[in-house]
Amino acid sequence: MIKNITQNVYLVGIKDWNVRDFHGYETQNGSTYNSYIIKDKKNALIDSVKYLFKDEFLKNILDTLGATTLDYIVCNHAEPDHSSALSYVIEKYPNAILLCNQKCKDTLSLYFDTTNWKFQIVKDGESLNIGDNTLYFYDTPMVHWPESMVTYLPKQKLLFSMDILGQHYASSYTFDYEESLDTLLYEARKYYANIVMPYSRQVLNTLEKLKKLEIEIVANSHGLILKKYINEMLSLYSDFANGKNKEKAVIIYDSMWQSTDKMARSLIDGLMTNKDLEIKVCNLKTTHNTIVATEAIDAKYIFVGSPTLNSNILPTVASALTYLEGLKPLNKIAFAFGSYGWAPINVKKITEYFERMNFSILKEPVSCKFKPTKEVLSSLYEIGKNL
Ligand code: FEO
């Protein structure tokens with residue numbers, strides 16, 4: 001679907017209503033691959049889409065350009081959700097000049113046979129006039145890949161922000177003001193937690209760069225375009241990148257024969273006596289790692305429970321912890337618990353994850369043989385209560 005978002009900027013991207021897995025991220029509400037055309041003396045396409053949608057995408061481009069042609073293609077990011085339809089666009093418009101930085105060119109050359117592509121390398125801060133508008137290019141390394149950059153139109157105070165400030169969220173809406181702020185911020189939190197969280201330092205560098213720009217529209221590559229809630233979204237990024245946590249506890253666990261489950265329940269009962277504490281329970285039998293990361297990102301306390309299984313922890317718990325470890329959550333206080341049959345290897349293994357993630361340890365772990373006694377349950381209740 002084509003949508004005119006400013007006088008001469010058109011949204012020509014794709015709503016992917018059905019995608020449910022984005023390299024491990026469970027996208028329950030689908031996603032969008034936003035791409036834009038600036039119609040000017042020279043026409044420019046900003047980014048492309050996932051190759052699966054090339055036909056609809058090419059039709060959108062053709063319908064938008066009409067009798068005119070495509071002069072420039074900006075590639076802000078080489079990840080295939082934005083680049084894998086590029087070769088089809090270039091096949092259709094072989095004279096279009098592809099604007100990107102050197103790292104992006106190098107990456108694209110590994111994905112495609114770019115022998116006949118017409119590249120023009122743009123450096124950080126460089127600009128290009130296309131008529132009434134001038135495009136400015138700013139590198140934003142590691143947000144989300146080394147070659148990532150954004151493109152800015154000062155005349156329209158419009159930022160093509162690529163992955164930054166996006167959401168994996170397909171809806172019938174186009175702009176943020178059409179959606180509730182709660183939904184927008186939840187989807188943005190989920191996106192940041194599962195995509196951007198490992199790059200806190202680089203996010204802070206990017207925020208510093210963006211501060212110098214006057215921005216009234218964020219035309220991102222995923223989700224709703226921002227007009228009304230730009231400050232709220234920037235503030236969310238700043239809080240996450242600075243490791244600012246809420247008074248919130250997340251209990252992440254799985255159980256074999258209900259012993260670790262009983263332990264979790266006592267702990268939760270104790271936690272619930274803390275009036276101002278937000279509590280989220282992630283039972284891994286029913287909770288995807290995507291949600292674990294989404295709840296963990298702004299939580300001060302992380303509680304992890306697993307029984308010992310075959311001298312290790314349950315695979316569900318190992319999976320959640322491995323996923324979290326890769327995402328590098330900041331400033332957490334953690335506690336391990338769980339039952340065992342022969343040896344309390346479970347809490348040792350969980351603690352090793354905590355140590356690798358530089359979590360502070362709240363208390364010595366609590367483990368019990370086979371079934372928790374009243375005393376064990378009571379001690380967990382007290383740990384929760386006296387947080
Ligand atoms: Fe939306 Fe990093 O790609």
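Atoms within each ligand, like the ligands themselves, are counted from 1 in listed order. Here, residue 1 is the first one in the sequence, and each next residue gets the next number.
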- So which pairs with a foot in residues 251-263 pass salt bridge (Lys or Arg N to Asp or Glu O under 4.0 Å), sequence neighbours left out? Asp254-Lys285, Asp261-Arg265

- Task: Test the Lys209-Tyr138 pair against the cation-pi criterion, namely NZ or CZ under 6.0 angstrom from the six-membered ring centroid and within 45° of the ring axis.
- Result: no

- Pairs where residues 317-336 contributes a residue and the test salt bridge (Lys or Arg N to Asp or Glu O under 4.0 Å) is met, not counting sequence neighbours: Glu325-Arg356

- Task: Would you confirm whether Ser339, through its side chain, and Pro307, through its main-chain N or O, come within 3.5 Å as a donor-acceptor pair?
- Result: no

- Task: Go through the structure and list residues passing salt bridge (Lys or Arg N to Asp or Glu O under 4.0 Å) with Glu91, not counting sequence neighbours.
- Result: none

- Cut-off under 2.8 Å, centre atom 2 (Fe) of ligand 1, protein N/O/S atoms: His77 NE2, Glu79 OE1, His144 ND1, Asp163 OD2

- Using atom types as modelled and distance alone, determine if a side-chain donor or acceptor of Asp298 lies under 3.5 Å from a backbone N or O of Lys246. no

